[in-house]
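Structure first, commentary second.
Numbers restart at 1 for each chain; the letters A, B, ... are given by sequence-line order, proteins then strands.
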Number of protein chains: 2
Amino acid sequence: MSDVAHEANVSQATVSLVLNDVDGSGISQSTKDRVRVVAARMGYRPNAVARSLKLQRSDTIGFVSDQITTTPYAFGLVQGAHDAVRSFGRHLLISNVEHPGDVPRKVAEEMAVVELLERRVDGIIFASRFHRTLDVPSALNEVPSVLLDVAAVDHSLASIVPDEYTAAKNVCQLLLDVGHTQVVHLSTPHETPSVTMRRRGFVDAMTEAGLADSAVTIMGSGDSTPEGYITALEVLSAPSHPTAIFCHNDEMAWGVYQAAAEVGLVVPDDLSVVGFKNVSLVAPMLRPGLTTVELPHYGMARWAVSYLVEGRTDPVQEVVECPIVVRDSVIPPGLTGQLTRNQENR
Amino acid sequence: MSDVAHEANVSQATVSLVLNDVDGSGISQSTKDRVRVVAARMGYRPNAVARSLKLQRSDTIGFVSDQITTTPYAFGLVQGAHDAVRSFGRHLLISNVEHPGDVPRKVAEEMAVVELLERRVDGIIFASRFHRTLDVPSALNEVPSVLLDVAAVDHSLASIVPDEYTAAKNVCQLLLDVGHTQVVHLSTPHETPSVTMRRRGFVDAMTEAGLADSAVTIMGSGDSTPEGYITALEVLSAPSHPTAIFCHNDEMAWGVYQAAAEVGLVVPDDLSVVGFKNVSLVAPMLRPGLTTVELPHYGMARWAVSYLVEGRTDPVQEVVECPIVVRDSVIPPGLTGQLTRNQENR
DNA sequence: CATGAATTCTAATTCGTATTAGCAATTGAC
DNA sequence: GTCAATTGCTAATACGAATTAGAATTCATG
């Protein structure tokens with residue numbers, strides 16, 4: 001900047017005033033033009049580090065997560081945060097806490113936050129790959145922060161989570177609406193909010209339909225495709241099998257498709273299936289397309305960024321609706337044979 | 001730091017010397033202890049921005065990509081870069097160029113790089129979601145840079161790409177080794193290095209096996225699962241169908257599985273299938289598990305980071321080997337009925 | 001022509017740290 | 001008791017920009 005100033009025969013202050021378009025600076029148009037031309041000619045490029053130091057603001061947001069950058073699951077979160085941040089002219093500093101290695105997770109998380117604070121981020125988004133309850137790093141209180149998909153034990157920080165309970169209830173209702181009465185919930189043996197809320201949504205939907213007794217929840221040994229397959233195989237091999245299955249997630253739903261094919265059942269003719277999460281690599285690729293619940297990760301992350309950029313600090317607890325994505329895996333029970341499978345599945 | 005200095009009755013310089021453990025500084029042990037205690041008690045946290053300004057080094061690496069952060073495909077690249085960077089005590093500034101919107105891609109890329117330069121990153125990794133040839137932003141020359149999965153038109157920058165040609169040749173060889181002679185390559189109508197190198201690998205493997213005449217490459221209308229399905233359906237419905245299919249990627253291979261099921265063919269009994277990319281959400285989840293090629297994205301990204309951290313600037317053109325991941329989708333042709341499908345597929 | 005007002009610019013300071021030259025006090029040697 | 005060497009610390013400066021108080025010049029007015 002000094003070089004530009006010298007070359008344009010003005011002071012460094014003038015260059016700063018011109019390039020930042022400070023109004024009320026009273027620089028004559030001719031000087032402004034001259035400075036701009038010289039700066040362009042010399043290829044002047046502002047030093048954001050110096051700028052940050054002076055302004056006490058880095059135009060950078062920290063993003064701490066567990067496995068998000070690392071897995072193909074919740075990349076909508078990073079994507080939303082990244083896009084939103086860029087649209088505000090800021091940048092994203094990502095810190096993934098995954099391999100705790102020798103240090104316990106809690107310590108690793110705290111360290112990640114502290115490192116971001118040292119870099120003077122203007123705010124921090126603390127995200128989880130799935131909705132869970134956490135004892136959140138205390139250093140988060142030193143800067144505006146938002147919890148993404150994380151239910152904190154105390155509610156002193158703003159947070160945004162999906163309404164998985166209502167979503168689960170709604171997809172189940174969708175099954176009930178077309179006439180299913182024998183619905184099984186294929187769940188997974190974890191006790192995160194994600195899991196329990198989906199279970200509760202299922203149970204409540206069934207109960208309200210007067211089907212409390214037939215609301216069967218079955219626990220697989222995990223939440224992946226092969227685990228869904230194995231569990232579904234048992235369920236579907238039994239003499240009387242359900243006419244619909246509500247899966248904890250799309251991956252397990254795929255396992256259900258595989259198990260159904262194995263025992264000669266056709267989806268959706270003999271078995272309706274719904275998933276959860278709308279995994280882009282799975283749900284739309286299955287044949288027939290899987291009806292599922294969309295977790296609005298992208299929008300949630302955008303909201304989190306907006307919250308920080310707007311300078312808010314109030315501890316709102318946002319709960320967002322999850323839209324149902326209807327595809328072709330649900331039809332009324334007992335329609336077997338009435339539809340020619342190959343044709344109606346596009 | 002001044003506050004700490006004042007509280008410990010020393011100068012700011014002393015605090016700096018102590019906290020940075022400068023050797024040869026000649027600070028007495030007692031003073032060191034005192035300073036450290038005071039700093040800890042006051043919760044002193046260094047300002048990385050000021051540090052960067054003074055040291056002319058940000059300990060930050062820029063990561064520019066097209067769709068990586070955004071899609072579940074090549075997340076191994078971000079993951080590797082992130083982990084490597086963290087292990088060196090640095091941070092990653094991610095800039096995804098995707099929605100060019102009103103500005104052309106080239107301009108958007110150049111802008112992304114320039115923004116990173118303004119933030120004084122110590123180096124830039126310029127990555128692509130898939131291996132392709134690009135006219136790379138010229139601003140990359142102003143800072144140490146590595147091209148990841150990008151073949152630049154000129155070779156002035158270091159780059160690292162997978163050896164897709166050899167990998168393709170090798171998987172095809174694997175099919176030939178077990179006895180297949182009627183092999184079809186299911187490709188996609190793009191002309192990126194990824195696509196052409198896999199095609200060439202296929203053709204060369206076939207030619208070297210004396211099967212040049214039966215080396216059939218079929219182009220789908222795209223590279224996704226449904227597109228693979230549609231194309232495979234045609235291929236497999238023909239009176240005489242191949243005994244093995246080499247797919248451009250895992251997603252298309254899944255489409256082949258679906259098409260096979262549709263026409264009553266069993267994988268691998270009636271049809272062997274190999275994919276490419278080892279997509280974690282697909283290849284291991286298919287039944288039978290898909291034999292495919294692993295693109296070593298994680299390791300490539302780590303290499304790129306190491307290159308930058310080591311301060312290298314030589315324009316190496318690294319080409320890395322892609323391991324084959326053997327699962328259960330390949331067996332010799334003509335074994336139909338000899339294996340009981342349900343049992344051997346785990 | 002003097003005075004005040006407006007215009008146009010600059011000098012000086014600041015942000016928080018790293019680093020070097022050098023000062024003061026202590027110790028050692030004779 | 002003197003000088004040199006050593007120990008232990010500090011003052012001062014720089015990094016690159018933003019910002020403010022005010023200087024220098026021009027203009028308008030009576």
**OP:** Estimate the overall bend of the helix from dC1(C)-dG30(D) to dC30(C)-dG1(D) from the end axes over five pairs each, rounded to 10 degrees.
**Re:** 60°
Original post:
Residues in side chain to side chain donor-acceptor pair (under 3.5 Å) with S11(A), at least two apart?
Top reply: T14(A)
Original post:
Does a donor on one side chain sit under 3.5 Å from an acceptor on the other, for S30(A) and S28(A)?
Top reply: yes
Subject >> Earlier contact from the 5' end, DNA chain D, for V22(A) and S28(B) >> reply: S28(B)
Original post:
Taking atom types as modelled, is there a side-chain donor on Q29(B) or D33(B) under 3.5 Å from an acceptor on the other?
Top reply: yes
What donor-acceptor contacts under 3.5 angstrom involve side-chain atoms of residues 37-46 of chain B, with partners at least two apart or in another chain?
residue	atom	partner	partner atom	Å
R45(B)	NH1	E142(A)	OE1	2.5
R45(B)	NH1	E142(A)	OE2	3.3

Which atoms of nucleotides 21-29 of chain C (N or O only) lie under 3.5 Å from a protein N or O atom, and what are those distances?
none

Original post:
By side chain to side chain donor-acceptor pair (under 3.5 Å), which residues pair with N9(B), not counting sequence neighbours?
Top reply: none
Original post:
Contact class for S25(B) (heavy atom, under 4.0 Å): base, sugar-phosphate, or nothing?
Top reply: base
Between the protein and nucleotides 4-6 of chain C, which nitrogen or oxygen pairs are less than 3.5 angstrom apart?
none

Between side-chain atoms of residues 16-24 of chain B and protein atoms elsewhere (two or more places apart, or another chain), which donor-acceptor pairs fall under 3.5 Å?
residue	atom	partner	partner atom	Å
N20(B)	ND2	S16(B)	O	3.3
D21(B)	OD1	R36(B)	NH2	3.2

Subject >> Base versus backbone protein contacts along nucleotides 10-18 of chain C [heavy-atom cut-off under 4.0 Å; B, S, -] >> reply: BBB-BBBBB
Subject >> H6(B) atom NE2, over 12 foreign heavy atoms within 6.0 Å >> reply: no
**OP:** Count the heavy atoms of every other residue, nucleotide or ligand shown that sit under 6.0 Å from CE of M1(A), and state whether that count exceeds 12.
**Re:** yes
Subject >> Heavy-atom contact window of chain A on DNA chain D, given 5' to 3' at under 4.0 Å >> reply: dG16(D) to dT19(D)
Original post:
Distance from L92(B) atom CG to T60(B) atom OG1, nearest 0.5 Å?
Top reply: 9.0 Å
Original post:
Where the side chain of H82(B) meets the backbone of N96(A), is there a donor-acceptor pair that is under 3.5 Å apart?
Top reply: yes
**OP:** With sequence neighbours excluded, tell me which residues meet side chain to side chain donor-acceptor pair (under 3.5 Å) with E109(B).
**Re:** R105(B)
Original post:
Should V316(A) and W303(A) count as side-chain neighbours, where that means a heavy-atom distance under 4.5 Å?
Top reply: yes
**OP:** Kindly write out the residues that satisfy side chain to side chain donor-acceptor pair (under 3.5 Å) with R90(B), not counting sequence neighbours, or none if the list is empty.
**Re:** none
**OP:** Any pair with a residue in residues 148-157 of chain A that passes salt bridge (charged side-chain N to carboxylate O under 4.0 Å, His left out), sequence neighbours left out, goes on the list, sorted by first then second residue, please.
**Re:** none
**OP:** Any chance you could measure L117(A), atom CG, to N47(B), atom CG, to the nearest 0.5 Å?
**Re:** 11.0 Å
